[in-house]
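Written out below as structure tokens is the structure these notes cover.
Keep in mind that the numbers below use all heavy atoms, side chains included, and drop hydrogens, waters and symmetry copies.
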Amino acid sequence: MSETATYRLTKRNLGLLTTLARFRILSTSQVHAMCFPGASKEAAANLLRRLEAAGYVARLRVPMMITAGAVAHRPEQAWIILPEHWRAIEKELGRTERADEWDQLAGMASDAKHTHIFNETTVRHELGISAVYAALEQGVAQNAAHQLPFWWRTSPRHKDVSLNVRATLIHRETGEATERLLPINPDAVHAITTERGTSFYFLEYDNATETNQDKIMRKFIAYVAYVKQGLFADKLVPILMRRYQLKLTHPERASFRVLFICSSEKRRNDLILKSRVFPFSSLFQFASVDEFVANPFGPVFLSKKAITPWLHEYNAKTHELGVLSLKNYGFAKIDETPKHSLL
């Protein structure tokens with residue numbers, strides 16, 4: 001039975017709901033870390049259950065492995081606010097004559113009008129994205145030299161970011177070239193500002209669920225085409241500058257990097273080796289989620305530029321070693337390669 005009529009939305013409750021809405025989906029551990037400093041995880045879980053009973057949130061009852069935020073490698077529960085929950089929140093705030101508080105939430109409710117229950121694979125993916133930005137927000141809070149002017153969650157599509165780019169594909173066996181439209185559809189976009197200026201990043205959270213080699217390579221190809229065609233500076237940068245009052249000395253030269261945050265070091269290594277055939281040695285940056293969450297501004301990234309000192313040697317061995325031996329050789333070389341920070 002719903003407790004909506006009797007369970008009052010306190011400032012703490014609204015703060016939790018606001019955090020949940022900003023991130024779209026959070027695990028119990030992530031809510032605990034962000035909203036209950038100093039309290040027990042059980043206190044967070046109890047409040048979430050009360051909010052669920054009152055009709056303000058939904059619990060996703062699926063077993064999952066969370067590697068993010070609170071790095072708990074065990075089944076977790078996830079929480080989300082669906083359109084019907086926003087209607088219940090609006091009704092309760094109206095009933096208690098707190099329309100001004102609803103005004104502060106109405107924009108989030110509008111953004112969530114198409115939110116729905118995710119399948120298990122999508123839940124894991126979305127929680128990984130939440131972990132990335134929870135870590136960034138915490139890192140900025142602990143370092144006054146860094147600012148996070150904005151971050152947008154852009155999956156599954158975003159009207160200002162998602163688009164198709166024309167790119168040339170080369171058939172692996174015949175060498176035949178064909179032109180195709182490929183999607184640019186990152187999981188998120190954000191910027192980091194320091195005394196040296198503002199840097200832009202696209203996030204690709206990789207949960208190792210995409211095993212189709214062609215699809216992975218087409219993602220790289222699409223970003224390379226996006227860069228070569230100048231679409232970032234031409235289309236997206238003006239929107240970001242207007243919306244967030246960003247001051248860029250040469251906006252027409254603005255660039256970005258693509259962060260592949262991977263569910264494991266093995267997946268990170270695999271993607272680094274796949275990216276070696278593309279230009280722009282620093283465009284694609286790779287890190288494992290556990291290392292990134294622990295130290296988002298630290299030396300946790302690898303790139304084609306980082307592996308360049310031994311890349312010629314690796315490429316030569318592609319003609320000498322079998323697939324498994326070559327993979328093991330490449331992974332060992334990557335594990336020996338020094339990592340770098342982005343800033």
Side-chain angles (χ1 to χ4, degrees), residues 121-122 125 154-158 161-187 189 201-236 255-287 301-334 337:
T121 298
T122 304
H125 183 260
T154 53
S155 64
R157 286 190 64 81
H158 190 283
V161 179
S162 303
L163 50 76
N164 292 324
V165 294
R166 190 168 296 280
T168 301
L169 301 181
I170 307 298
H171 194 282
R172 281 185 294 178
E173 296 178 0
T174 66
E176 181 183 0
T178 58
E179 280 203 348
R180 293 280 299 275
L181 287 175
L182 300 179
I184 293 290
N185 197 31
D187 291 316
V189 177
Y201 304 94
F202 285 16
L203 173 69
E204 292 284 350
Y205 183 80
D206 192 289
N207 214 24
T209 55
E210 182 56 80
T211 57
N212 186 304
Q213 298 278 340
D214 289 336
K215 286 186 177 180
I216 295 170
M217 297 304 279
R218 286 176 186 177
K219 184 173 290 190
F220 289 128
I221 291 169
Y223 277 118
V224 169
Y226 185 73
V227 171
K228 288 183 174 180
Q229 294 167 30
L231 295 173
F232 176 68
D234 184 46
K235 293 184 177 295
L236 186 54
S255 62
F256 67 98
R257 282 175 282 182
V258 184
L259 308 184
F260 281 85
I261 306 298
C262 304
S263 56
S264 68
E265 293 182 3
K266 178 180 177 181
R267 180 64 168 182
R268 176 204 65 194
N269 293 356
D270 187 46
L271 293 183
I272 291 173
L273 292 179
K274 285 181 170 60
S275 76
R276 77 187 192 281
V277 300
F278 296 101
F280 307 117
S281 61
S282 295
L283 173 61
F284 303 117
Q285 302 284 329
F286 304 88
F301 283 94
L302 290 162
S303 64
K304 178 182 176 180
K305 183 177 181 180
I307 68 172
T308 296
W310 52 265
L311 190 53
H312 179 75
E313 179 184 349
Y314 175 86
N315 288 335
K317 289 186 180 293
T318 61
H319 305 290
E320 304 170 7
L321 301 178
V323 174
L324 183 57
S325 296
L326 180 66
K327 181 177 181 178
N328 290 338
Y329 172 81
F331 280 23
K333 295 295 287 185
I334 290 173
T337 301

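Between Arg218 and Asp214, no side-chain nitrogen of the basic residue sits less than 4.0 Å from a carboxylate oxygen of the acidic one, so the salt-bridge criterion is not met.
Contact annotation: the side chain of Phe260 approaches that of Lys219 to within less than 4.5 Å [non-hydrogen atoms, C-beta and beyond]. For the pair Thr121/Asn207, no side-chain contact is recorded, criterion being any heavy-atom separation below 4.5 Å from C-beta on. Inter-residue side-chain proximity for Leu163 and Lys235 is flagged as met; some heavy-atom pair is nearer than 4.5 Å. Counting heavy atoms from C-beta outward, Phe280 and Val258 have side chains that stay 4.5 Å or more apart. Considering only heavy atoms from C-beta on, Phe278 comes within 4.5 Å of Ile221 through its side chain. Residues Ser155 and Tyr205 fail the side-chain proximity criterion, which asks for heavy atoms closer than 4.5 Å. Side chains of Phe301 and Ile261 form a contact here, defined as non-hydrogen atoms less than 4.5 Å apart.
Taking each heavy atom of Arg166 and Gln229 in turn, the nearest pair found is O-NE2, 2.7 Å. The nearest pair of heavy atoms linking Ala177 to Ile170 is CB-CD1, 3.5 Å. Heavy atoms only, all atoms of each residue included: Pro183 and Ala222 are closest at O-CB, 3.7 Å. Between Ser303 and Phe286 the shortest heavy-atom distance is CA-CD1, 4.4 Å. Nearest heavy-atom pair across Trp310 and Gly330 is CH2-O, 3.9 Å. Here the closest non-hydrogen pair linking Tyr223 and Pro186 is OH-CB, 3.4 Å.
The neighbour count for Lys317 NZ, taken as heavy atoms of other residues, nucleotides or ligands under 6.0 Å away, is above 12. Around the NZ atom of Lys274, the shell of radius 6.0 Å holds more than 12 heavy atoms that belong to other residues, nucleotides or ligands.
To the nearest 0.5 Å, the span separating CG on Leu273 from OH on Tyr329 amounts to 11.0 Å. Distance CD1/Ile216 to CD/Glu204: 11.0 Å, rounded to 0.5 Å. Note that NZ of Lys266 and CG of Leu271 are 12.5 Å apart. Values are rounded to the nearest 0.5 Å. Rounded to the nearest 0.5 Å, atoms CG (Leu231) and CG (Asn164) are 11.0 Å apart. Put simply, CG on Leu326 and NE2 on His319 are 10.0 Å apart, with the number rounded to the nearest 0.5 Å. To the nearest 0.5 Å, the span separating CG on Asn269 from NZ on Lys327 amounts to 9.5 Å.
Checked by atom type and distance alone, the side chain of Thr168 never pairs as donor or acceptor with a backbone atom of Glu179 at under 3.5 Å. Formation of a donor-acceptor pair under 3.5 Å by the Asn185 side chain with backbone atoms of Pro156 is found in this model.
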Please report the C-alpha distance between Arg268 and Ile334 in whole Å, then the side-chain angles of each, then the deciding distance to 0.1 Å, and finally whether the side chain to side chain contact (heavy atoms under 4.5 Å, CB included) criterion is met.
CA-CA 10 Å; Arg268 176 204 65 194; Ile334 290 173; 4.2 Å; yes
Before you tell me yes or no, could you show the steps for Leu182 and Leu169 under side chain to side chain contact (heavy atoms under 4.5 Å, CB included), namely the whole-Å CA-CA distance, both residues' side-chain angles and the distance that decides it to 0.1 Å?
CA-CA 10 Å; Leu182 300 179; Leu169 301 181; 4.0 Å; yes
Begin with the C-alpha distance, continue with both residues' side-chain angles, and end with the deciding distance and a verdict on side chain to side chain contact (heavy atoms under 4.5 Å, CB included) for Ile272 and Lys304.
CA-CA 7 Å; Ile272 291 173; Lys304 178 182 176 180; over 6 Å; no
As a quick check of understanding, evaluate side chain to side chain contact (heavy atoms under 4.5 Å, CB included) for Phe220 and Val277, giving each step before the final call.
CA-CA 10 Å; Phe220 289 128; Val277 300; over 6 Å; no
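Ring orientation note: the planes of Phe256 and Tyr226 are nearly perpendicular, at an angle over 60° on the 30°/60° scale.
At a cut-off of 3.5 Å, with distance as the only test, no side-chain donor of Tyr201 or Gln285 sits close to an acceptor on the other residue.
For Lys333 and Tyr314, the positive end is not near the middle of the six-membered ring at less than 6.0 Å and at most 45° from its axis.
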